[in-house]
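Down below is the structure, laid out as structure tokens.
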Amino acid sequence: MHQIVLIDDDPMATKPLAKALLGRGYHVTLFDNGKTALEYIKHEKPALVVCDMLLPGLHGLDLLRQIKTAPTMKETKVIMITAVYKSHRYRSEAQEMGADAFFLKPIGLENFVQTVVEMIGEVDTEKISSDSIISELQEEFEAYLQNALAELQESLRQVGKPVKKKLALENLCYYAHSLAGSAGNFHYNAVTQHARILDHYVQELQEGGRELEVDHLTALVKKVVEVAAERDPISDPETEAGEPDVEPVRSSNRVIFWSTNRNLGERFAEIVAPFHWVFVPCFDHQELQDALDQGAEYWVIDLPDNPIECKKIFAHIRKLDHYTVPRLFLARDPSFDTALESIRHKSIAMLAKPLSAQAITDFFDREAAWHREPGKVLIIDDDPRLASHYSRVLAEAGLFPSYLTQPEQAMDFLADFQPDLILIDWYMPEISGLELARILRQSKSYLGIPIVFLTVEQNPEQQLHALDEGVDAFLNKPITDAALVRHVKGRIRRFREIRSGIVNDGLTGILNHAAGLDRVRSEISRAQRNKSAFSLALIDLDHFKQVNDTHGHLIGDKVIKSLCHSLRNRLRRSDILARYGGEEFLIGLPETDGETALHVLDRIREEFSQIMQFSEDQIFQASFSGGIASWHADLDDAQLINQADRALYQAKQAGRNCFRNFAPSEGGASD
């Protein structure tokens, strides 16, 4: 009943978890190879499997899929863990496959064990504290850290040699990945932060997503070595963060719908079906209670038109305040009092009846984007310990932070990082926070990004002066981690909602035409500055008019959304995706040459062409064609787009459902 299989090839990430579980009386079996572990799991059928993503023998997602699709293992719970830069994409994929929880390394032991207890029950044994486990392993980790740093530096020396480059990159990836996943548990939080950045960069090199820049790689390794010189006094990861670092995954994308109107329930189910949500209708209190006990991504509450019945609904909701499922309310012409009451009952949105498919899908698109693309925060503070601490706290809360301790580097860094919020210390020795804010607000590119000051400054006149200069808010030091996380998340959500209405396409949620072109110009400027590659593609759905004529425009819109979903899930976060017009889309691939772009996009094209599209009475498939152009120093954005357009024409001439790289000799005009 209490048997656990733990699969991870990183010993310093595995040992604290294993000791914490053994210390609570669980029977733990360790594996460092996915394929070997799966054979054991099939035979023994343990209560719980804890599985890393990147494993020798078998990828963690493949192992998860085999467990969750095997009838004989339907009772086995699975927790997925990872330290890689694709954690948000992996979390989404794990959700779809039925994972029961997801942890980002380094893992807070108390939260981890509590989750295990809730999943498979508790063993009656004396509890061992996480502090004692970490203390017991601290000396072993110190030795491991020194060895890992030596391996990183040696691999860096070898990476420039063609014969040894592949092995050197593999070693760099292994040790960066390992330190990213374990150092934070042993109070080296800055090491975790910078090892993650190194891990991200090296994996992109291995995947062909960018070219090797030895100077940049050297700087990343040097930073990991530098911050490893001093241990951070902060305790176990989950004790400092405003929110726990465990996040139960949206394993089934469940949406609870509570109403007395069954017809409305059917209409809502029809609207959310294309999003692959598991629709859970509840028409009495017991059904609702059972559904909430199983958990869900959202709880949709239909408010009756009758004010007296409406009050009864709110009275029952008050009894369910201990459930933390986010709540949406549906109301017909809601009054101010109704809106106020819903806010007091933890509403995150109020949607109007009769139900609008566009309003509901827009809401789910925005929420999906938040999970898919965590808020990016740039922290600028001359105190590296504070900057590192804030960065770790925000990362553990699901955000994507980075920090600078030298404010004069801000402009160059911003061009690459493109944050959703900038957190600045007021007092810095060489450049004050207010001076830096003035510089940022003089740039059109950064006019709208929220700037929040961290300060001990209490002078109202000083603060008013800063507000006049474009600063958005002040957070007084000292600030609790919970307050920091709550404020930053709230500001980013508001910023994204405002920006979305300006730069995003109404149907698909991706960038609109103008915003896409702005991003292309920005990436061309960056490519010029860094002397790096940049490829641009234009793609067009094949025979789209025929889809609209045969199946109707609503189905045509669904095909467009399906294509955007495929592209978003396969492209990198740093890539550009914009609706160029109608059924035509623009894709920008920074630091990617034409051949690599062709390889990446052609694979997406092939996958999309296999997707089944559904109309009322037919199943059909759609495809797209694309043209790719590679930037060089003589091209501006208009010329680059023109070349991609000509390559797209060449692809159509070749029979559609294919890609072409721009070839000047073939000529051709855009159609």
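What's counted below: heavy atoms across the whole structure, side chains too, no hydrogens, waters or symmetry copies.
When each of Leu378, Leu484, Ile451 is paired with Leu423, the side-chain contact (heavy atoms from CB on, under 4.5 Å) condition holds for Leu484 and for no other. When Val377, Ile379, Leu414, Ile492 are each tested for a side-chain contact (heavy atoms from CB on, under 4.5 Å) with Pro419, only one passes: Leu414.
Scanning for salt bridge (charged side-chain N to carboxylate O under 4.0 Å, His left out) contacts around Glu151 gives an empty result, with sequence neighbours left out. The ring-ring contact (aromatic ring centres under 6.0 Å, His included) test applied to Tyr175 returns no partner, not counting sequence neighbours. Judged as a ring-ring contact (aromatic ring centres under 6.0 Å, His included), and not counting sequence neighbours, the contacts of Phe31 are Tyr40. Checked against side chain to side chain contact (heavy atoms under 4.5 Å, CB included), Pro450 has the following partners two or more places apart in sequence or in another chain: Leu421, Asp472, Phe495. Listed by chain and residue number, nothing satisfies the salt bridge (charged side-chain N to carboxylate O under 4.0 Å, His left out) test with Asp636 (two or more places apart in sequence, or in another chain). Under the side chain to side chain contact (heavy atoms under 4.5 Å, CB included) criterion, Ala644 pairs with Leu536, Leu538, Ala629, not counting sequence neighbours. Arg519 pairs by the salt bridge (charged side-chain N to carboxylate O under 4.0 Å, His left out) definition with Glu523, not counting sequence neighbours. By the side chain to side chain contact (heavy atoms under 4.5 Å, CB included) test, Ala183 is found to be paired with Phe141, Tyr188, Val191, Thr192, residues two or more places apart in sequence or in another chain being considered. Remark: Lys161 engages Gln158, Lys164 in a side chain to side chain contact (heavy atoms under 4.5 Å, CB included) (not counting sequence neighbours). Applying the salt bridge (charged side-chain N to carboxylate O under 4.0 Å, His left out) test to Glu154 and every residue at least two apart in sequence or in another chain returns Arg157. Shown here are the side-chain hydrogen bond (donor to acceptor under 3.5 Å, both in side chains) partners of Gln639, two or more places apart in sequence or in another chain: there are none.
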Next on the checklist: Evaluate Leu156 against Thr218 for side chain to side chain contact (heavy atoms under 4.5 Å, CB included), listing each step before the verdict.
Outcome noted: CA-CA 7 Å; Leu156 178 63; Thr218 301; 3.8 Å; yes
Next on the checklist: Go through it in stages, so that I can follow the logic: the residues are Glu170 and Lys166, the test is salt bridge (charged side-chain N to carboxylate O under 4.0 Å, His left out), and I'd like the CA-CA distance, side-chain angles, deciding distance and then a yes or no.
Outcome noted: CA-CA 6 Å; Glu170 289 175 357; Lys166 185 175 183 293; 2.8 Å; yes
Next on the checklist: Working note: Thr82 + Lys105, criterion side chain to side chain contact (heavy atoms under 4.5 Å, CB included); need CA distance, chi angles, decisive distance, verdict.
Outcome noted: CA-CA 6 Å; Thr82 187; Lys105 299 177 187 176; 5.9 Å; no
Next on the checklist: side chain to side chain contact (heavy atoms under 4.5 Å, CB included), that's the test. Do Gln203 and Cys173 meet it? Break it down for me.
Outcome noted: CA-CA 7 Å; Gln203 288 201 47; Cys173 186; 3.6 Å; yes
Next on the checklist: Does Cys51 form a side chain to side chain contact (heavy atoms under 4.5 Å, CB included) with Ile81? I'd like the steps, not just the answer.
Outcome noted: CA-CA 6 Å; Cys51 182; Ile81 60 178; over 6 Å; no
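Ala195 and Ala180 make their closest contact through CB-N, 3.6 Å (heavy atoms, listed as atom of the first residue, atom of the second, distance). Of all the heavy atoms in Ser522 and Gln418, the pair that sits closest is OG-NE2, 4.2 Å. Here the closest heavy-atom approach between residue Arg521 and residue Asp637 is recorded as NE-OD2, 3.3 Å.
Considering only heavy atoms from C-beta on, Ile422 stays 4.5 Å or farther from Val452 through its side chain. Ser182 places none of its side-chain heavy atoms less than 4.5 Å from the side chain of Pro106. Side-chain contact between Leu152 and Val225 is absent, with no heavy-atom pair separated by less than 4.5 Å. At a threshold of 4.5 Å between non-hydrogen side-chain atoms, the residues Phe102 and Ile79 do not count as touching. Between His177 and Arg196, the closest side-chain pair of non-hydrogen atoms is not below 4.5 Å. Side-chain contact between Ile380 and Thr405 is absent, with no heavy-atom pair separated by less than 4.5 Å. With contacts defined as side-chain heavy-atom distances shorter than 4.5 Å, the pair Ile628/Leu601 qualifies. Between Leu137 and Phe186, some side-chain heavy-atom pair lies under the 4.5 Å cut-off.
No donor-acceptor distance shorter than 3.5 angstrom exists from the side chain of Asn33 to the backbone of Leu55, with no hydrogens or angles considered. One N or O on the side chain of Ser535 and one on the backbone of Thr592 form a donor-acceptor pair closer than 3.5 Å. The backbone N or O of Ile431 sits nowhere less than 3.5 Å from a side-chain atom of Glu435 that would complete a donor-acceptor pair.
To the nearest 0.5 angstrom, Leu577 atom CG is 4.0 Å from Ile510 atom CD1. If you take CZ on Arg496 and CG on Asn504, they are separated by 10.0 Å, rounding to the nearest 0.5 Å. Here CG of Leu169 is found 7.5 Å from CG of Leu217. Values are rounded to the nearest 0.5 Å.
Atom CZ of Arg494 has 12 or fewer neighbouring heavy atoms from other residues, nucleotides or ligands inside a 6.0 Å radius.
Classification of Arg572 and Asp575 as a salt-bridged pair holds, one side-chain N sitting under 4.0 Å from a carboxylate O. A salt bridge is absent between Lys376 and Asp420: the closest approach of a Lys/Arg side-chain nitrogen to an acidic carboxylate oxygen does not fall below 4.0 angstrom.
Looking at Thr596 and Asp593, their side chains do bring a donor and an acceptor atom within 3.5 Å of each other. For the residue pair Glu142 / Gln146, no side-chain donor-acceptor distance below 3.5 Å is found, with atom types taken as modelled. Of the N and O atoms on the side chains of Tyr403 and His389, not one donor lies less than 3.5 Å from an acceptor on the other residue.
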Side chains of residues 9-18: which donor-acceptor pairs under 3.5 Å do they make with residues two or more places apart or in other chains?
unit_1 : atom_1 : unit_2 : atom_2 : d
Asp10  : OD1    : Met12  : N      : 3.2
Asp10  : OD1    : Ser178 : OG     : 3.0
Asp10  : OD2    : Ser178 : OG     : 3.1
Thr14  : OG1    : Asp10  : O      : 2.8
Lys15  : NZ     : Glu140 : OE2    : 2.2

